[in-house]
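Accompanying notes for the structure given below.
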Amino acid sequence: ATYLGPLDSPDPPCRARQLYINFREVGWHNWIIAPRGFMANYCQGHCFFPTATKISSLNHAVMQSLMHSVAPATTPPPCCVPVKLSPISVLFYDNSDNVVLRHYEDMVVDECGCR
Amino acid sequence: TQPQPGTLSPQASALLQTLGLSPPPGPPPTRPVPSVMWRLFRRGPEATETQGSENEGPEMPQEPQPLPCHVEELGVPGNIVRHVLDGGASAPPEPALGSLCLEKPLFFNLSFLNPKEQLTLVRLELNFGAPADLAPAQDWELSLSHAQGPQLWGRPLHWHHREVLLSQTVPTLHDPLHFDMLALGRLGNSTFPQNLSLVLELLPGRDSDLPKGLCTKLGHSLEASLLVVTLDPQLCQPTSRKRR
């Protein structure tokens, strides 16, 4: 489920947006014990100059956004991607009726930036 | 396109395979979730937003986030913890011979182990359920043998096909007993055993006068389980140094 809040502008800057993954909606709630779901989030928005200088961007992305601003036909803008991620743990039954706890790295987007 | 009931869409299969999830076929499982698994889950990363769950375990405060791919409470590296019940639990304990109080085959199906995973802990738990007429403090002679060779219902066909792994005096059966099976020696011939067959023998300590029927009760109330921790190195890249 994503929550499309009021657009902050016709061309919103790169940032994390809410995306809630609900295991019940994919029919997995019978064998996934916990959690029922988790906030995965996603990145969306532009990395134009000078916005790219105000958020978590690598120097190369700042240069690329500058080049895009002066010569858009030759250089695309940098990409809006996750730059900080968190893990989650999932408790579930496997197909041998064992109770399993599995740790997954990089499942939640905490922060986005230009790359 | 909605897949036929009971079948998985190609997308779901691909996603499950990527996440290493293997849903149980058929009706929802009813096995209770052991408290150790709830405890380990609660110590998981903050990001897990638990919306609660019907069979939620006792509320426990969120603990600080552990090191990635390290099971702090057990003190071992790992990103997958499995709680495996004794497959022979339903088989009634054999009448013990001679002065033996209890002789019980234990069988654990380990076919879920994936060669790319590294075994970091295999902890056997014996929980006798503390029947009322069990004296609180009384020595017991407990031994665990590795049953090898052909078996019938998890029970070795030939008694001499046993390798004693451990023999020790335990002061009480009131609390769960834990044994580190990796430290006790090899688990079968291959590094990745398909199963673990053990025989548990229990003798009362010296000059013990056991209430009648206690041994039978212990055999029925015993719950044996394995806690298996593995590390899948591909999923546990060391946390990259924060760039810039």
Side-chain angles (χ1 to χ4, degrees), chain A residues 1 16 18-41 52-53 55-62 81-111 113-115, chain B residues 12 15-16 19-34 36-38 40-57 65-66 68-71 78-85 87 109-112 226 228-229 232 235-237 239 242-244:
Chain A
Q18 283 203 342
L19 168 65
Y20 183 72
I21 294 185
N22 182 330
F23 292 131
R24 175 176 289 274
E25 287 187 15
V26 287
W28 292 2
H29 57 293
N30 280 337
W31 53 276
I32 290 189
I33 302 159
R36 274 194 183 156
F38 71 100
M39 272 298 181
N41 305 326
T53 62
I55 58 179
S56 169
S57 306
L58 291 181
N59 293 335
H60 174 273
V62 173
V81 295
V83 296
K84 183 172 176 291
L85 293 138
S86 297
I88 70 166
S89 291
V90 178
L91 195 60
F92 62 94
Y93 291 103
D94 71 4
N95 54 6
S96 307
D97 205 28
N98 300 318
V99 174
V100 185
L101 174 66
R102 197 163 172 143
H103 179 94
Y104 290 100
E105 290 291 304
D106 302 336
M107 288 287 265
V108 176
V109 174
D110 296 316
E111 192 184 327
C114 301
R115 290 289 186 269
Chain B
L15 181 59
L16 288 168
L19 294 176
L21 294 169
S22 50
T30 54
R31 178 192 161 191
V33 180
V36 61
M37 295 303 283
W38 273 119
L40 292 175
F41 172 72
R42 291 274 175 240
R43 295 176 69 87
E46 307 274 335
T48 304
E49 184 194 345
T50 49
Q51 298 291 313
S53 159
E54 290 82 16
N55 44 5
E56 180 98 21
Q65 182 171 338
C69 302
H70 189 91
V71 189
N79 59 320
I80 305 169
V81 183
R82 294 174 176 98
H83 186 277
V84 187
L85 281 180
N109 175 0
L110 302 179
S111 57
F112 53 76
L226 274 192
V228 181
V229 182
D232 181 340
L235 301 177
C236 284
Q237 304 305 331
T239 311
K242 181 134 183 64
R243 284 177 289 215
R244 300 182 63 229

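A note on names: the letters A, B, ... follow the listed sequences, proteins ahead of strands, and every chain is numbered from 1.
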Checklist entry - Where do B/N79 and A/Y104 land on the side chain to side chain contact (heavy atoms under 4.5 Å, CB included) test, with the steps shown first? => result CA-CA 8 Å; B/N79 59 320; A/Y104 290 100; over 6 Å; no
Next on the checklist: Let's go through B/F41 and A/V90 carefully: what are the C-alpha distance in whole Å and the side-chain angles of both, what is the deciding distance for side chain to side chain contact (heavy atoms under 4.5 Å, CB included) to 0.1 Å, and is it a yes or a no?
Outcome noted: CA-CA 7 Å; B/F41 172 72; A/V90 178; 5.9 Å; no
Item to check | CA sep, side-chain torsions, deciding dist, call: B/W38, A/I33, side chain to side chain contact (heavy atoms under 4.5 Å, CB included) | outcome: CA-CA 10 Å; B/W38 273 119; A/I33 302 159; 3.8 Å; yes
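Here the closest non-hydrogen pair linking B/L19 and A/M107 is CD2-CE, 4.2 Å. When all heavy atoms are compared, the tightest approach of B/C69 to A/H103 is N-NE2, 3.7 Å. The two residues B/M37 and A/V99 make their nearest non-hydrogen contact at CE-O, 3.4 Å. Here the closest non-hydrogen pair linking B/P23 and A/W31 is CB-CE2, 3.3 Å.
When the candidates B/P34, B/P29, B/G26, B/P27 are compared by the number of heavy-atom contacts under 4.5 Å with chain A, B/P29 comes out ahead.
A/D94 pairs by the salt bridge (charged side-chain N to carboxylate O under 4.0 Å, His left out) definition with nothing, not counting sequence neighbours. For B/R82, the salt bridge (charged side-chain N to carboxylate O under 4.0 Å, His left out) partners two or more places apart in sequence, or in a different chain, are B/E117.
Residue A/L101 holds its CG atom at 9.5 Å from CD1 of B/I80, rounded to the nearest 0.5 Å. Separation of atoms CG (A/L91) and CG (B/L40) is listed at 9.0 Å; rounding is to 0.5 Å.
Between A/D97 and B/P24, the closest side-chain pair of non-hydrogen atoms is not below 4.5 Å.
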